[in-house]
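The structure presented is a predicted model; accordingly, all values stated were derived computationally and were not measured. We name chains A, B, ... by the order of the sequence lines, and we start the count at 1 in each one.
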Protein chains: 2
Amino acid sequence: MPRVGLNQQTVVREAARLADEVGFQQLTLAALASRLGVALPSLYKHVRGADALAQKLAALATAELATEMSTAAVGRSGGDALRAMADAYRDYALRHPGRYPTTQRVPDPADPEHVEAGERAVGAIFAVLRGYGLTGDDAVDATRALRSALHGFVTLEAAGGFGLPRDVDRSYHQMVASMDISFRSWPRTGG
Amino acid sequence: MPRVGLNQQTVVREAARLADEVGFQQLTLAALASRLGVALPSLYKHVRGADALAQKLAALATAELATEMSTAAVGRSGGDALRAMADAYRDYALRHPGRYPTTQRVPDPADPEHVEAGERAVGAIFAVLRGYGLTGDDAVDATRALRSALHGFVTLEAAGGFGLPRDVDRSYHQMVASMDISFRSWPRTGG
DNA sequence: AAACCTTGGCTAAGTGTCTTAGCTTTAAAG
DNA sequence: CTTTAAAGCTAAGACACTTAGCCAAGGTTT
């Protein structure tokens, strides 16, 4: 039997593509193997199992998202940076509906690339918030608030949770605009 | 064989309890059946299958959550109502970690109780926002923003996504305080 | 009380998923 | 050319959900 020549990276990248097509929940080792032209158990030569694959996928997606967030904010500050980053965030979630949910997985301490990616993502938010003069505990609180709003929005949108006809882009921009206001008048604790 | 005397309600209620104990993802028909003292296929006499059970669980949890949100806000207005409702929301998610995720499922149009529960939940938010003078499109946008923030926060918290030592209660209260400010100075569109 | 019949329980069996064990062959290294 | 690590394979097991079909409990009807 001729070898296909897989390695971990090709497996994970194909899993990412497949997840975007069918949804993360529907990503199955059987479908992935068939897509790669290999029998299912052969995947275990490259990935420890289904959970390990999900973790590697999370590392990949988190790195991609962190890069897009950072790139969007570069050269901007304040509300400009916030809007650009928020748009990049939602764009990513919409373009990669299968990868996005994995970005909320807690980074695996045993995977340095995953940890680094998570730090870059949070770091990007922190950098934007510094533009509002938010540091220390205030920055931590504001980061949590911003992550919550962005993640919550794209999650509800993906789940079809916004039933009413009101334009969803509009609602998102309003939310980001309101966060801009919030950050400018953030209830300071002086942490 | 003596009959256990199950019905749909007892099955769904036990599923809710079990989900809270082991997590929604770990809720399995096998575990539920064993907990109820029947063989697995017997459950199909009361529920159409695993997905239907999840839907009924969603209807139950959504109704519970809607009730707690409404109750918390009754007799209050403005920031008081907002804080009370937000606290009730997070309380519910923390007390019922297995039920909570099902509340984000889109209500099944074929299940009137589910639909009604969803409307009550959104209605409770709408009522609070009316206290800020928000109506029409503004209320829709603000509702989406509030739902996003609350849902995002409790989801990230449950996933262990808040790594830093900063107190999580504090961060939540800061977020809610900032939403209070946002709603008072909401970027109006006059919808 | 006896017959009836609805229904809630059961066992058996099939499908799809992940996983492990162990064999074979490729193809690179010496 | 021989050796060997690794990448593929088949076979088989553990669980999950689901369907089919049987049987008895227990209420209803005569």
OP1 or OP2 of C:dC18 sitting under 4.0 Å from any side-chain N/O of A:Thr28? yes

Whole-Å distance, B:Leu53 CG to D:dT18 C1', equals 14 Å

Does D:dG8 have OP1 or OP2 under 4.0 Å away from a side-chain N or O of A:His46? yes

May I ask whether A:Phe24 and A:Leu36 are part of the same hydrophobic cluster, defined by side-chain heavy atoms of I, L, V, M, F, W, Y residues being less than 4.5 angstrom apart, directly or through others? yes

Of the options D:dA20, D:dA16, D:dA11, whose atoms approach the side-chain atoms of A:Pro41 most closely? D:dA11

When we call it a touch if two heavy atoms are under 4.0 Å apart, what does B:Leu40 touch: a base, just sugar-phosphate, or nothing? base

Here the distance between atom P of C:dC18 and atom CZ of A:Arg48, to the nearest Å, is 18 Å

Measure the acute angle between the ring planes of A:Phe183 and A:Tyr132, then classify it against the limits of 30° and 60° as parallel, tilted or perpendicular. perpendicular

Are any of the side-chain nitrogens in A:Asp141 or A:Arg188 under 4.0 Å away from the carboxylate oxygens of its partner? no

Atom OH of A:Tyr44 and atom C1' of D:dG13 are separated, to the nearest Å, by 13 Å

Under 3.5 Å, is there a donor on one side chain and an acceptor on the other for A:Tyr89 and A:Tyr100? yes

Can you check the B:Leu43 CG to D:dA20 P distance for me, whole Å? 17 Å

Could you give the CG-to-P distance, from B:Leu27 to D:dC15, as a whole number of Å? 18 Å

Nearest whole Å is fine: how far is D:dA7 C1' from A:Gln8 CD? 15 Å

Under 4.0 angstrom, heavy atoms only, what part of the nucleic acid is B:Ser42 near: base, sugar-phosphate, or nothing? base

Please state whether the base of D:dA6 and the side chain of A:Arg3 form at least one donor-acceptor pair under 3.5 Å? yes

I need the CD-P distance between A:Gln25 and C:dC18, as an integer number of Å. 12 Å

For the pair A:His114 (side chain) and A:Asp108 (backbone), establish whether a donor and an acceptor sit closer than 3.5 Å, ignoring hydrogens and angles. yes

How do B:Asp51 and B:Lys45 order along DNA chain D: which one's closest nucleotide is nearer the 5' end? B:Asp51

Using atom CG of B:Leu6 as one end and atom C1' of C:dG8 as the other, report the distance to the nearest whole Å. 8 Å

